[in-house]
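Contents: one structure, followed by commentary.
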Amino acid sequence: MTIYSQIYKTTHKHSAKMMGSGDLDVLSTPALVTFMENTSYLFAQSQLDNGLTTVGSEITIQHLTASTIGKPVTIIITALKEEGRKYDFRLEAFVEEQLIGKACHTRVCVNSKEFLAKLAD
């Protein structure tokens, strides 16, 4: 079941070679993580009041197969569990019809100003 999805264009900057995670011009795992985190963030933001945001606190990913730069990647949220301030996402990544990755990702809701103020102390 799809709860929410986002499509990401891939360019050379998303390659393992450019991101420093390898020397091949294929989609890098760090880029895939970014796409998954961003999809989760965008969904959560659409549910929150002004002044609130979410921060990533955990991600477990399986990058199942390589994919070519230039092909769009679709990230799908397949499950969501909300528990207080915590959001647990289950995500899948596709290039065309091929499943290329799966992840479990946790984000925590915070007050933006309070969160940043704690860092300044």
Side-chain angles (χ1 to χ4, degrees):
M1 180 177 96
T2 299
I3 295 171
Y4 182 81
S5 67
Q6 281 290 122
I7 298 172
Y8 296 88
K9 294 179 182 179
T10 60
T11 65
H12 187 63
K13 72 180 182 182
H14 300 112
S15 71
K17 188 174 187 176
M18 286 300 292
M19 296 199 79
S21 65
D23 60 2
L24 300 176
D25 284 319
V26 296
L27 180 66
S28 69
T29 301
L32 185 57
V33 168
T34 299
F35 296 158
M36 290 178 159
E37 278 210 80
N38 185 251
T39 299
S40 301
Y41 161 76
L42 290 172
F43 176 80
Q45 281 306 119
S46 73
Q47 309 297 307
L48 297 175
D49 293 331
N50 287 339
L52 299 177
T53 192
T54 58
V55 294
S57 65
E58 182 178 358
I59 191 161
T60 304
I61 186 170
Q62 294 175 304
H63 195 162
L64 302 170
T65 190
S67 57
T68 306
I69 294 299
K71 291 190 177 182
V73 175
T74 301
I75 306 295
I76 298 171
I77 298 173
T78 59
L80 170 64
K81 179 180 172 187
E82 290 181 56
E83 197 172 292
R85 298 182 321 125
K86 187 169 98 171
Y87 293 82
D88 288 314
F89 295 92
R90 299 296 176 264
L91 302 122
E92 293 180 344
F94 291 87
V95 171
E96 297 169 344
E97 301 298 320
Q98 184 174 19
L99 178 67
I100 65 160
K102 298 191 285 187
C104 299
H105 178 43
T106 301
R107 298 190 71 79
V108 178
C109 180
V110 298
N111 178 293
S112 300
K113 287 182 183 176
E114 292 173 10
F115 185 84
L116 292 174
K118 287 180 185 177
L119 294 176
D121 291 341

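This structure is a prediction, so every number in the text was calculated from the model and none was measured.
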By salt bridge (Lys or Arg N to Asp or Glu O under 4.0 Å) - contacts of [X] (at least two apart):
| X | answer |
| --- | --- |
| Lys13 | none |
| Lys86 | Asp88 |
| Glu114 | none |

Ignoring hydrogens, what is the shortest heavy-atom contact between [X] and [Y]? Give both atom names and the distance.
| X | Y | value |
| --- | --- | --- |
| Thr10 | Gly70 | OG1-N, 2.8 Å |
| Ile7 | Pro72 | CG2-CB, 3.8 Å |
| Ser112 | Thr53 | OG-CG2, 3.4 Å |
| Cys109 | Thr54 | CA-CG2, 4.0 Å |

Which salt bridge (charged side-chain N to carboxylate O under 4.0 Å, His left out) pairs, counting each pair once, include a residue from residues 39-58, with sequence neighbours left out?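 Matches after skipping sequence neighbours: none remain.
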Qualifying salt bridge (charged side-chain N to carboxylate O under 4.0 Å, His left out) pairs with a residue from residues 33-45, counting only residues at least two apart or across chains: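 Output for this query lists Glu37-Arg107.
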Remaining members of Met18's ILVMFWY cluster at a side-chain heavy-atom cut-off under 4.5 Å?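 None; Met18 is a cluster of one.
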In Å, rounded to the nearest 0.5 Å, how long is the span from [atom1] of [X] to [atom2] of [Y]?
| X | Y | atom1 | atom2 | result |
| --- | --- | --- | --- | --- |
| Ile59 | Thr34 | CD1 | OG1 | 9.0 Å |
| Ile77 | Met36 | CD1 | CE | 10.5 Å |
| Asn111 | Leu52 | CG | CG | 6.0 Å |
| Asn38 | Gln45 | CG | CD | 10.5 Å |

Same cluster or not: [X] versus [Y], using hydrophobic residues (I, L, V, M, F, W, Y) connected whenever any side-chain heavy atoms lie under 4.5 Å apart?
| X | Y | result |
| --- | --- | --- |
| Val110 | Leu42 | no |
| Leu99 | Val73 | no |
| Leu80 | Leu48 | yes |
| Leu64 | Val33 | no |

Below 3.5 Å, can you tabulate the donor-acceptor pairs from side chains in residues 22-31 to any protein atom, sequence neighbours excluded?
unit_1, atom_1, unit_2, atom_2, d
Asp25, OD1, His12, ND1, 3.4
Ser28, OG, His14, O, 3.0
Ser28, OG, Ala31, N, 3.1
Thr29, OG1, His63, ND1, 2.7

Only pairs at least two apart or in different chains count here, so list each side-chain hydrogen bond (donor to acceptor under 3.5 Å, both in side chains) that has a residue in residues 67-77. none
Please check this pair: side chain of Thr106 against backbone of Ser57, looking for a donor-acceptor N/O pair closer than 3.5 Å. no
Please list, chain by chain and in numerical order, all residues satisfying ring-ring contact (aromatic ring centres under 6.0 Å, His included) with Tyr41, sequence neighbours excluded.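 ring-ring contact (aromatic ring centres under 6.0 Å, His included) check on Tyr41 returns nothing, list empty.
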Can you name the ring-ring contact (aromatic ring centres under 6.0 Å, His included) partners of Phe43, sequence neighbours left out? Tyr4
With a 3.5 Å cut-off and sequence neighbours excluded, list the donor-acceptor pairs that the side chains of residues 91-98 form with protein atoms.
none

Between Ile75 and Leu32, does the side chain to side chain contact (heavy atoms under 4.5 Å, CB included) criterion hold? Intermediate values first, please. CA-CA 9 Å; Ile75 306 295; Leu32 185 57; 4.0 Å; yes
Side chain to side chain contact (heavy atoms under 4.5 Å, CB included) with Leu119: which residues, sequence neighbours excluded?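 With sequence neighbours excluded, Leu119 shows a side chain to side chain contact (heavy atoms under 4.5 Å, CB included) to Phe115, Leu116, given in chain and number order.
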